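Worksheet for the structure shown next.
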Amino acid sequence: MKLYDTLQGEIVEFVPRNDGEVSLYACGPTVYSHPHLGHARQAMTYDIVRRYFEWSGYRVHHVANVTDIDDNIINRALAEDTTEPEIAKYWEAVYIEAMDSLNILPPHDRPHATEFVEEMVDFIEVLMNNGSAYATDSGVYLRVRSVEGYGDLVHRTPDEIAEHGLNRVEVDETKEDPLDFALWKAAKPGEPTWDSPWGPGRPGWHIECVAMSLGILGDGFDIHGGGNDLVFPHHTNERAEAIAANRTFSKYWIHNAMLNIGGEKMSKSLNNFNTIADVLAEDPANARALRLIMLQTHYRKDIEINDAVMAQARDGIKRLDAMVRKATGVGIDLSSTERDAEAIDRFRSAMDHDFGTPDAMATVFELVRDANGAIDAGKSAATPLALTAIELANVFGLEVGVADVASEGDSDIEAMVAARVDAKANKDFAEADRIRDELREMGITVEDTATGPIWHRS
RNA sequence: GCGUCGGUGCCCGAGCGGCCCAAGGGAACGGCCUGCAAAGCCGUACAGUCGCGGGUUCAAAUCCCGCCCGGCGCUCCA
């Protein structure tokens, strides 16, 4: 297994901390607004990584946090005249519902920042005691220049960062160095606060993820992931905190690319985002189509989403479903354990090279084509081909063959399909076509096969 | 400006120095199948400059250098 490690800047061999186990921490959302397709990409990327590891026999410990206290939440609570916990609770529920609707597996742990404040305070105390941090009236800060290798993750030196990156934000005059960042923010009026040795306040953004990842997964956990927009400052600063505290942080860093719309990153500030709920409301089939789009593009490459791309992907999914219908129609035993070992090898080697999902999906579609051919030709090879295609597609959570294949018990439809068979037998094609049209208006598609008609909801 | 990832057919998009006259998906065209369809299979046209220009190599879409174009990041914020 090889993967691209952001820190080393190249594809490297993946050697887990413990044999047969993978510990994965992926930064989750700040819950204060609608989850959009950018969140979907991030979550789906690690969902696919996790599913693949599990299918490969690893025991995976997947942690994804929820940031439930930050400026955005505070502002929203203020604007809506409610409390921060109410805002966070509401939007977390929305987020989880969206994830469920995209068939994204819940992480094994979903820690909340507000539940880890004590650990964060302890962590900051370590940094204070060893001289890496200092307190001012406005908060507690990390002495960035004292950290060995600060900026390695973004492949820049502190001087380069200072030279090019400090013109955007007003610099707090109490800081020793403009590069230093907040570990703890002193309380401001009206904000929720927690007690600390440095007075009431709330934790800085980066300390949350350090406390939660190390707290749950332990030192030297395997993979830290997130969107590539987090490489700096968030992940760079997380890493700096861990180093300053003499803790061993993640062994590998992986970052997914952005999802763009109209040539730009989808984001709330640009107001060009599509919420997951809206996209699914347009067409429920978009859930699986979205997953196929993610799979057919490498996770480190930007995706440009538009209606045409969505439509293409929906058609791709239909091709997978159609094969299963066909296989079911000719009586292939879906519980068979026959597999095409050679295809599985190709699938594995694609995935083992930095999660080469596009190549892996190509193997799945080749299996689909060969399975269709074998079914048409009445060959017994159809069984392993079809079942391997289904298994591999479902490793990725595509739920092939799960959706609408077994729409049992619809006796009215069965009766109409049977009536059409009779009409055809009597050469009454006008009647047969009328029934087919009527079914189509009901959202039912009938397909004739060598062994009789099959139907499905379109 | 600096860092980083990228620029491949009509569209999306793989390609990890020779198996690439370039995978897979979508759309198109022709054939087979069908009462007609749908689904499927077979075949065809699309990439003949793999952004542009140099270079390394017996061999480059793949490595190196320069340039052009685009995404993301560049501080207490997803």
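Only a predicted model underlies this, so the values are computations on that prediction, with no experimental measurement involved. The sequence lines fix the lettering, A, B, ..., with proteins before strands; numbering per chain opens at 1.
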Only one of A/Asp376, A/Asn372, A/Thr449, A/Asp321 passes side-chain hydrogen bond (donor to acceptor under 3.5 Å, both in side chains) with A/Lys326, and that residue is A/Asp376
Can you tell me the pairing partner of B/G24 across any strand shown, Watson-Crick or G-U wobble, with both distances under 3.5 angstrom? B/C12
Look at all strands and tell whether A/Lys424 reaches a base, only sugar-phosphate, or nothing, counting heavy atoms closer than 4.0 Å. base
Considering heavy-atom distances to RNA chain B, does A/Arg440 or A/Phe181 have its closest nucleotide positioned more toward the 5' end? A/Arg440
Hey, can you tell me if A/Phe347 and A/Phe396 have their rings parallel, tilted or perpendicular (30° and 60° cut-offs)? tilted
Phosphate oxygens OP1/OP2 of B/C72: is one of them under 4.0 Å from a side-chain N or O of A/Asn228? no
Against the side chain of A/Asn237, the closest entry in B/A78, B/U75, B/G40 is B/U75
Give a yes/no answer on whether the side chain of A/Arg319 brings an N or O atom under 4.0 Å of OP1 or OP2 in B/A39. no
Rounded distance in Å - CZ (A/Phe365) to C1' (B/G40): 15 Å
Write down the partner of B/G53 under the Watson-Crick or G-U wobble criteria, each distance required to be under 3.5 Å. B/C65
Looking only at B/A78, B/G35, B/A23, the nucleotide nearest the A/Ala432 side chain is B/G35
Whole-Å distance separating the OH atom of A/Tyr299 from the P atom of B/C5: 12 Å
With the criterion set at under 5.5 Å between ring centres and under 30 degrees between planes, would B/G35 be stacked on A/Phe429? yes
Could you let me know what B/G73 is paired to, Watson-Crick or G-U wobble, both distances under 3.5 Å, or none if it's on its own? B/C2
Kindly point out which of B/C77, B/C36, B/C2 is positioned nearest to the side chain of A/Arg420? B/C36
Any A/Tyr4 side-chain nitrogen or oxygen under 4.0 Å from OP1 or OP2 of B/C5: yes
Nearest to the side chain of A/Asp359 - B/G15, B/G24, B/G40? B/G15
Testing B/C76, B/G35, B/G71 for proximity to the side chain of A/Arg436, the answer is B/G35
How close or far is atom P of B/C74 from atom CD of A/Glu160, stated in whole angstroms? 16 Å
With rounding to the closest Å, how many angstrom separate the C1' atoms on B/C52 and B/G70? 15 Å
Which is true for A/Val154 with a 4.0 Å heavy-atom rule: it touches a base, it touches only sugar-phosphate, or it touches nothing? sugar-phosphate
If you take atom types as modelled and just measure distance, does the side chain of A/Gln312 reach the base of B/C11 with a donor-acceptor pair under 3.5 Å? yes
Between B/G3 and B/A47, how many Å separate the two P atoms, rounded to a whole number? 37 Å
For B/C16 and B/G1, measure between their C1' atoms and round to the nearest Å. 33 Å
Would you mind checking if A/Asp448 and A/Lys424 are paired as a salt bridge, meaning a charged N to carboxylate O distance below 4.0 Å? yes
Which nucleotide, B/C74, B/G40, B/C72, lies nearest any side-chain atom of A/Asp376? B/G40
So what does A/Ala182 touch, heavy atoms closer than 4.0 Å: a base, only the sugar-phosphate, or nothing? base
Taking NE2 from A/His353 and C1' from B/U62, how many angstroms apart are they, rounded to a whole number? 11 Å
Rounded to whole angstroms, how far apart are NZ on A/Lys175 and P on B/C76? 8 Å
If we call it a pair only when both distances are under 3.5 Å in a Watson-Crick or G-U wobble match, what pairs with B/C19? none
Which residue, A/Glu366 or A/Asp71, contacts RNA chain B at a nucleotide closer to its 5' end, judged by nearest heavy atom? A/Glu366
Euclidean distance for P, B/C20 against B/U56 (whole angstrom): 27 Å
Taking the ring of A/His235 and the ring of A/His206, is the distance between their centroids below 6.0 Å? no
Can you tell me how far P in B/G9 sits from the matching atom in B/U49, rounded to whole Å? 14 Å
Expressed in angstrom and rounded to an integer, what is the separation of A/Arg457 atom CZ from B/A38 atom P? 22 Å
Quick one about A/Ser132 and A/Ser146 (side-chain donor to acceptor, distance below 3.5 Å, no hydrogens or angles considered), yes or no? no
The side chain of A/Lys185 is closest to which nucleotide in this list: B/C76, B/C36, B/A14? B/C76
State whether the distance check finds a donor on one side and an acceptor on the other, under 3.5 Å, for side chain A/Arg300 versus base B/C5. no
Selected nucleotide, minimal atom distance to A/His206 side chain, candidates B/C76, B/C41, B/C36: B/C76
Does the plane of the ring in A/Tyr252 sit parallel, tilted or perpendicular to the ring in A/Phe14? Use 30° and 60° as the thresholds. tilted
Can you check the A/Asp302 CG to B/G70 C1' distance for me, whole Å? 9 Å
Pick from A/His224, A/His234, A/His155: which one makes a ring-ring contact (aromatic ring centres under 6.0 Å, His included) with A/Trp253? A/His224
For A/Gly204, report the nucleic acid contact type (base, sugar-phosphate, nothing); a contact means any heavy atom under 4.0 Å. nothing
Which heavy atom of A/Val446 sits nearest a heavy atom of A/Pro453, and at what distance? CG1-CB, 4.0 Å
For a quick check of understanding: with a heavy-atom distance under 4.0 Å over all strands, which category does A/Val364 fall into, base, sugar-phosphate or nothing? nothing
Can you tell me the Watson-Crick or wobble partner of B/C29, both distances under 3.5 angstrom? B/G43
Taking atom P in both B/C36 and B/C11, compute the distance separating them and give it to the nearest angstrom. 36 Å
To the nearest angstrom, how far is A/Asn260 atom CG from B/G7 atom P? 14 Å
Pairwise C1' distance, B/G18 and B/U75 [rounded to whole Å]: 48 Å
Nearest to the side chain of A/Phe232, which nucleotide is it out of B/U4, B/U75, B/A14? B/U75
Go through B/G6, B/G24, B/G26 for me and flag the one nearest to the A/Lys301 side chain. B/G6
P-based separation of B/C10 from B/C33 [nearest Å]: 33 Å
Decide yes or no, distance alone: a donor-acceptor N/O pair under 3.5 angstrom between the base of B/G25 and the side-chain of A/Asp315. no
Indicate whether the side chain of A/Thr114 and that of A/Asp68 have a donor and an acceptor atom separated by less than 3.5 Å. yes
I'd like to know if A/Arg325 reaches the base of B/A39 with its side chain such that a donor and an acceptor end up less than 3.5 angstrom apart. no
Under 4.0 angstrom, heavy atoms only, what part of the nucleic acid is A/Asp354 near: base, sugar-phosphate, or nothing? nothing
